[in-house]
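Report on the structure given below.
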Amino acid sequence: MSLREKKSFCRFCSPCCGVRVLVDENDQLIEVRGDKDDVHTRGYACFKGLQAPAAHYAADRILKPLKRMPDGSFVEIKLETALDEIAAKLSAIKEQHGPHAIGGYRGGGAVLSASSSNILTTWLQALGSPKNFSPITIDQSAKIVSVGRLGIWLGGRQSLVSSDVRLFFGVNPLVSLASSDFEPANPTKAMKEMRAKGMKLIVIDPRHTETAQYADIFLQPYPGEDPTIAAGLLHIILREGWEDKEFCATYVQDFDLLRAAVAPFNPDYVARRAGIKADDLFRAASLFARECTRGGAASGTGPNMAPRSNLAEHLIETINIVCGRYARAGDEVSNPGIVIPRTPTAQVLPAPRWWEQGHKSRIDGSGMMFGEMMSGVFADEILQPGEGQVRAVIVHGSNVINVMPDQMKTLRALQSLELLVSIEPYMNETAKLSDYILPGTLQYERADLSNFMYEEVMVHKPFVRYTAPISKPPAGSEVVDDWIILWKLAQRMGLDLKVDGVSLDMVNMPTTDDIIGIIARRVPMPFEELKKLDMGALFDAQKYYVQPGDPSAGKFTTMPRDVETEIAEVAAENFNPGFSHSNGQHFNFRLSSRRIRDVHNSTGRNIPAVRARNPFNPAYLNPEDLIALGIKSGDKIRIVSDTGEIPAIVEADATMRRGVVSMTHAWGGLPGETVYERDGANTNLLISTDRDLDPINAMPRMSAIPVNIVPVLVPTLRTHDESEAIAVSV
Ligand SMILES: Nc1nc2c(c(=O)[nH]1)N[C@H]1C(S)=C(S)[C@@H](COP(=O)(O)OP(=O)(O)OC[C@H]3O[C@@H](n4cnc5c(=O)[nH]c(N)nc54)[C@H](O)[C@@H]3O)O[C@H]1N2
Ligand SMILES: Nc1nc2c(c(=O)[nH]1)N[C@H]1C(S)=C(S)[C@@H](COP(=O)(O)OP(=O)(O)OC[C@H]3O[C@@H](n4cnc5c(=O)[nH]c(N)nc54)[C@H](O)[C@@H]3O)O[C@H]1N2
Ligand code: SF4
Ligand SMILES: [Mo]
């Protein structure tokens with residue numbers, strides 16, 4: 001076997017780690033290794049990234065388009081025939097019910113594919129349907145709400161390299177490699193380097209995370225208390241006069257309202273409510289606002305998934321505002337954007353509140369965010385009859401049924417559709433529900449650009465890299481690059497597609513390089529030249545600086561009426577630390593969200609080496625909680641919420657706060673077909689989208705979920721019906 005080495009980058013997640021790949025004489029992947037010559041990742045590649053050969057040739061990879069038969073079985077179908085049938089069905093639905101009856105869901109499998117990342121959105125726009133959904137609105141859309149209500153500093157944040165402090169609420173960049181406020185590339189190495197240079201770190205998380213291990217101050221609250229903690233930090237900062245007075249005087253229009261709103265959140269109250277020490281809160285405020293001068297407060301999915309996520313995010317960003325933690329005129333910008341160039345300018349864009357204009361959901365009146373509707377109403381948009389009811393959905397790179405809160409409702413919705421089409425490479429849970437599964441190429445089989453969508457915040461160097469396809473799809477497969485599927489569908493339906501505002505030729509099909517060339521057209525180098533650089537291009541010869549702005553352009557609104565109401569509601573809430581009430585019931589644990597290294601949401605569970613290490617998703621609990629419950633690692637429990645229940649096997653985890661159970665999402669098979677020990681369990685069965693939605697973005701309660709833990713005692717002597725005896729709830 002003659003092997004050749006090729007250079008490329010991994011597109012499983014955001015850092016796009018540089019890799020060296022061995023391919024055989026048939027251009028099949030043999031081995032993937034981290035590339036120490038990559039300017040960002042410097043040799044790092046994670047376990048799941050290295051499993052790319054197993055992922056490309058996984059047993060459940062779909063190599064030819066499939067159509068579901070009335071008996072539920074799938075048969076192979078030619079792509080052109082499948083597209084003829086799908087186009088005919090969609091055209092009939094559009095004819096009878098209008099374009100609003102057709103929706104789309106784009107997931108993480110689409111995002112890191114430059115040629116295809118926006119193709120579903122542009123397809124829906126061409127069709128004239130607003131029913132465009134993605135996980136952005138069950139992720140950190142509170143960040144969009146927060147700047148939408150506060151205003152936006154157009155100079156950007158203070159760069160990571162210039163920071164002397166970082167304050168993290170519920171984000172674990174050392175595992176998720178996804179934080180916009182830290183270095184996603186080789187983050188542990190970056191963390192050690194930043195710490196060696198003196199950067200201070202404050203972490204607020206119910207779990208003593210991999211990131212928290214580097215913290216100077218670690219607060220371990222109950223999940224769901226971030227609005228209170230952030231208000232408490234603001235309370236201390238303003239009381240002590242540690243704010244940036246000049247910045248506030250120039251750029252904040254309602255400072256007095258803010259001061260009044262955070263007045264009730266004194267350190268003792270916050271400490272009691274959140275289960276932390278008042279002294280630690282004070283030390284955190286002092287380290288961030290008084291002892292350090294540069295760097296930011298930021299959050300991840302933790303506070304963004306807990307109740308009142310919009311308020312939490314609003315107050316966290318307000319800490320940056322009052323401390324003036326933004327890049328000012330003359331500050332160096334580490335990456336202004338190479339694929340999408342920007343000109344950072346030191347001024348405020350006043351609160352744009354995008355969602356107040358444009359299309360509103362017929363379900364709850366929620367608006368649009370950057371052209372998308374809220375995932376929290378996705379299932380109801382399908383289920384609720386009437387004008388605008390969604391009858392057909394195209395899913396592009398998302399395992400919707402496993403990732404969407406309220407899995408039972410989502411199941412009912414997807415099963416009720418007249419047509420469900422998945423552009424999906426694997427026979428996963430959503431594919432199984434689909435009428436047609438149209439598989440595309442996998443990452444190393446297609447040309448691509450490195451992460452450009454989030455380049456401004458996640459790529460901390462002015463860098464862009466192109467890769468050609470370096471392996472071929474397995475012999476006999478019928479797969480094309482994803483975008484081609486939607487282009488061909490558009491052509492059949494007479495739709496004109498655009499990529500980044502540029503109209504595509506709808507008669508003669510462009511190539512994938514044509515599409516990538518459009519996206520890369522602003523890169524200060526001809527695309528043909530960029531393609532020749534097999535390690536990418538670093539545009540660091542020139543330095544970039546924040547431009548002076550106009551102070552009269554606008555100010556931040558820190559306490560608009562709706563936020564004032566939300567914070568007053570929190571201050572008025574009754575609380576009983578460690579206990580929660582929900583939907584009229586009482587609970588003594590809170591389930592917090594988390595990610596694990598070896599899978600990416602639901603993806604990667606089909607890789608044998610990954611499953612050998614992670615047969616299921618355990619429930620992590622503090623060892624003392626296990627003793628109190630009378631159970632030990634390996635024992636089975638039921639996790640019961642006000643909406644549903646799931647089985648789990650517990651794992652003692654001393655990093656957990658007592659009273660909190662932590663479990664990762666998107667596991668489990670389809671409801672009714674799941675065997676926990678084989679498939680894991682899906683925490684989305686514990687979440688309702690009928691209630692507990694945040695205003696504006698309809699964000700469901702996906703962390704800090706009130707639950708009870710019920711040990712499942714397997715009797716040593718078999719009872720006559722072999723059923724499990726179930727202990728009473730603790
Ligand atoms: N309870 C709970 N639910 C959650 C979360 C949580 O923390 N708790 N997290 C939420 C968040 S933040 C997110 S972003 C979502 C994630 O939701 P998704 O984006 O739906 O999750 P993934 O598992 O990443 O789905 C990616 C899909 O793309 C497929 N895929 C992989 N490569 C390709 C490709 O090249 N082309 C195509 N077409 N498909 C490909 C994979 O097989 C998989 O089906 O989940 C959300 N759901
Ligand atoms: N390996 C891997 N990497 C991933 C993913 C993956 O599934 N696997 N998913 C990707 C996706 S889609 C996303 S959006 C990003 C997310 O990236 P992150 O936001 O960094 O996600 P997590 O690693 O889950 O970190 C969230 C932290 O919040 C804590 N937390 C939970 N609830 C609360 C709360 O109420 N308050 C506070 N303060 N903390 C809380 C959890 O204990 C956890 O440590 O990661 C991406 N990267
Ligand atoms: S961290 Fe992400 S990009 Fe890097 S090797 Fe792992 S999966 Fe691939
Ligand atoms: Mo996400």
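Both counts, for ligands and for their atoms, begin at 1 and track the order of listing.
Residues that satisfy the ring pair (Phe, Tyr, Trp, His ring centres under 6.0 Å) test with F265, not counting sequence neighbours, are Y269.
Within the set S14, P303, G604, G302, the minimum heavy-atom distance to atom 30 (N) of ligand 2 is found for G302. Here the shortest heavy-atom distance to atom 47 (N) of ligand 2, taken over S176, P184, G107, G300, belongs to S176. For the residues D205, N172, V171, the heavy atom positioned nearest atom 44 (O) of ligand 2 is part of D205.
With F9 as the aromatic partner, R11 meets the cation-pi criteria of under 6.0 angstrom to the ring centre and within 45 degrees of the ring axis. Seen from the ring of F616, R611 does not count as a face-on cation partner, given the 6.0 Å and 45° thresholds. The side-chain tip of R597 does not point at the ring of F47 from less than 6.0 angstrom away and within 45° of straight on. A cation-pi arrangement is not found for R166 relative to F182, the charged atom failing to lie both closer than 6.0 Å to the ring centre and inside a 45° cone about the ring normal.
A 6.0 Å sphere centred on OH of Y454 holds no more than 12 heavy atoms belonging to other residues, nucleotides or ligands.
Ligand 2 has a nitrogen or oxygen under 3.5 angstrom from a nitrogen or oxygen of I204. Polar contact with ligand 2: absent for E225 (N/O pair, distance under 3.5 Å). Taking any N or O of T209, backbone or side chain, none lies under 3.5 Å from an N or O belonging to ligand 2.
Among protein heavy atoms, the minimum distance from atom 38 (N) of ligand 2 is reached at D226 OD1, 2.8 Å.
Taking the six-membered ring for Trp and the full ring otherwise, the centers of F463 and H40 sit less than 6.0 Å from each other.
The number of protein N, O or S atoms lying under 2.8 Å from atom 6 (Fe) of ligand 3 is 1.
Close approach of ligand 2 to R207 is summarised as follows: ligand atoms under 4.0 Å from at least one heavy atom of the residue are 42 (O). Listed by atom number, the atoms of ligand 2 under 4.0 Å from A306 heavy atoms are 35 (O).
A salt bridge links R33 and E31; the closest N-O separation between the charged side-chain nitrogens and carboxylate oxygens is under 4.0 Å.
Residue-level proximity to ligand 3 for C16 is carried by the backbone, the only part with a heavy atom below 4.0 angstrom.
Residue G108 places no heavy atom under 4.0 Å from ligand 2.
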